[in-house]
Amino acid sequence: MYVGRFVVVAPGIGGYRVSSRSFPNRRITDRGETLTVGPTPDAPDTDNPYVSYNCARAVETPAGEPLAALGNGSHVDPIAEKLERGYPARDALASALLALDYEKDDYDTPRVAGVVDAEEATIGVVRRDALLVEAVDEPTVVATYETDSPEPYDLTATDAQSAATELLGADLEHPVCAAGATVNDDGVSLAFDNGED
C-alpha cells in the first residue's frame, strides 16, 4: 500500500518517513537541531516547491520545556516557531496547518505534522476537506494518502535512531528516508536513516 509521507507520534517519541513515487532521489541531512529533506546530488532538477523542507526540529519553549516538531513540509518551521513562543502544541499545529493549508499540487496533498513532548504528543493533518488536530497517548499515525486521519500505529522503537529505522523499514511502498525524535527531561534527540549501507 502507498500512503505517501507519514508522521507517527507518541509521548516521548516520534518519527517521519518520506515515501515517494515522484521524487525518490532524496535524503535527510542533519543541520544540528534540524533535520532537512532535500535532493541527492544526482537527483534531476525540479522546480517543485515541496521537495525540500525541514522535517524535524528540536524546540525549547519559553518555560525551558523540550519538544520536537515533525512534518512533511514548510509548515514544520512555523509550528516550531510558535512552540518556541509558548503556543500550546494544539494551537501551534492548528494555526500553522490552517495558514499553509494542503499542498496545491496535482494531488491536493495533505500536510501532516506532530509535536512530541516527554509526557504527551499531538498530531495533525490539513486536507482539502478537513483540519484535524488530536492529543494522543499511544503511537498514532497520519499519512498524506489512505491513512489521512489519525489512527493507532504499532511503533516499538524506544530511541530516535531505531524510530527512524523502524519507520523506513515499515511494509509500505516506496520508502526513501526517515527521521526519528525522542524527548525526555534531558532534551531532544534527533536521528535519521537514509537507507544507505
Side-chain angles (χ1 to χ4, degrees), residues 2-9 14-23 26-29 31-39 46-62 67-117 120-136 140-151 153 167 176-181 183 188 190 192:
Y2 181 64
V3 301
R5 275 74 62 215
F6 64 93
V7 170
V8 176
V9 297
Y16 169 69
R17 182 174 117 172
V18 178
S19 311
S20 182
R21 293 178 291 213
S22 305
F23 297 99
R26 286 187 281 176
R27 65 181 176 197
I28 293 173
T29 303
R31 300 187 186 283
E33 300 291 293
T34 301
L35 299 179
T36 303
V37 174
T46 179
D47 58 1
N48 186 311
Y50 305 118
V51 169
S52 300
Y53 51 88
N54 294 330
C55 68
R57 282 185 52 178
V59 175
E60 186 174 305
T61 70
L67 301 171
L70 303 120
N72 71 319
S74 58
H75 54 288
V76 171
D77 291 329
I79 290 167
E81 289 157 11
K82 289 174 186 299
L83 294 169
E84 288 171 340
R85 292 203 302 266
Y87 279 61
R90 182 197 68 150
D91 297 357
L93 283 166
S95 59
L97 290 172
L98 184 62
L100 287 167
D101 212 353
Y102 62 91
E103 295 180 358
K104 305 307 188 289
D105 59 9
D106 293 341
Y107 308 102
D108 292 341
T109 301
R111 291 181 187 267
V112 297
V115 175
V116 177
D117 182 329
E120 54 194 33
T122 310
I123 199 164
V125 57
V126 61
R127 312 185 309 241
R128 190 164 54 86
D129 63 341
L131 170 65
L132 306 172
V133 178
E134 294 181 14
V136 299
T140 302
V141 63
V142 68
T144 56
Y145 310 117
E146 304 295 335
T147 311
D148 64 358
S149 295
E151 60 182 60
Y153 187 90
L167 292 189
V176 175
C177 53
V183 183
V188 178
L190 300 177
F192 63 92

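Since we're looking at a predicted model, the values are computed, not measured.
Distance OG1/Thr46 to CZ/Phe23: 4.0 Å, rounded to 0.5 Å. The CG atom of Leu98 sits 12.0 Å away from the CG atom of Leu93 when rounded to the nearest 0.5 Å. Put simply, CZ on Arg17 and SG on Cys177 are 9.5 Å apart, with the number rounded to the nearest 0.5 Å. From Ile79, atom CD1 reaches atom CG of Leu67 across 12.0 Å, with rounding to the nearest 0.5 Å. Residue His75 holds its NE2 atom at 8.0 Å from CG of Leu100, rounded to the nearest 0.5 Å.
Donor-acceptor pairing under 3.5 Å is recorded for the side chains of Tyr145 and Thr109.
For the side chain to side chain donor-acceptor pair (under 3.5 Å) criterion with Arg128, the lone passing option out of Asp108, Asp101, Asp148 is Asp108.
For the pair Leu167 and Tyr153, the minimum side-chain heavy-atom distance is below 4.5 Å. Counting heavy atoms from C-beta outward, Tyr50 and Asp105 have side chains that approach closer than 4.5 Å. By the 4.5 Å heavy-atom criterion applied to side chains, Leu190 and Glu33 are not counted as neighbours. Side-chain atoms of Asn72 and Tyr16, non-hydrogen and from C-beta on, do get closer than 4.5 Å to each other. Annotation: side chain of Leu132 is in contact with side chain of Arg127 (closest heavy-atom distance under 4.5 Å).
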Run the side-chain contact (heavy atoms from CB on, under 4.5 Å) check on Val76 and Arg57 step by step: do they pass?
CA-CA 8 Å; Val76 171; Arg57 282 185 52 178; 4.3 Å; yes
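Between Ala68 and Val188, the closest heavy-atom pair is CB-CG1, 4.1 Å. Across every non-hydrogen atom of Tyr53 and Arg26, the tightest pair is CE2-NH1, 4.0 Å. The two residues Tyr2 and Glu146 have their closest heavy-atom pair at O-CG, 3.5 Å. Listed here is the closest heavy atom pair of Leu83 and Pro62: O-CD, 3.8 Å. Shortest non-hydrogen contact noted between Val7 and Ile123 is O-CD1, 3.9 Å. Taking every heavy atom of both residues into account, Ser20 and Val176 meet most closely at N-CG2, 3.8 Å.
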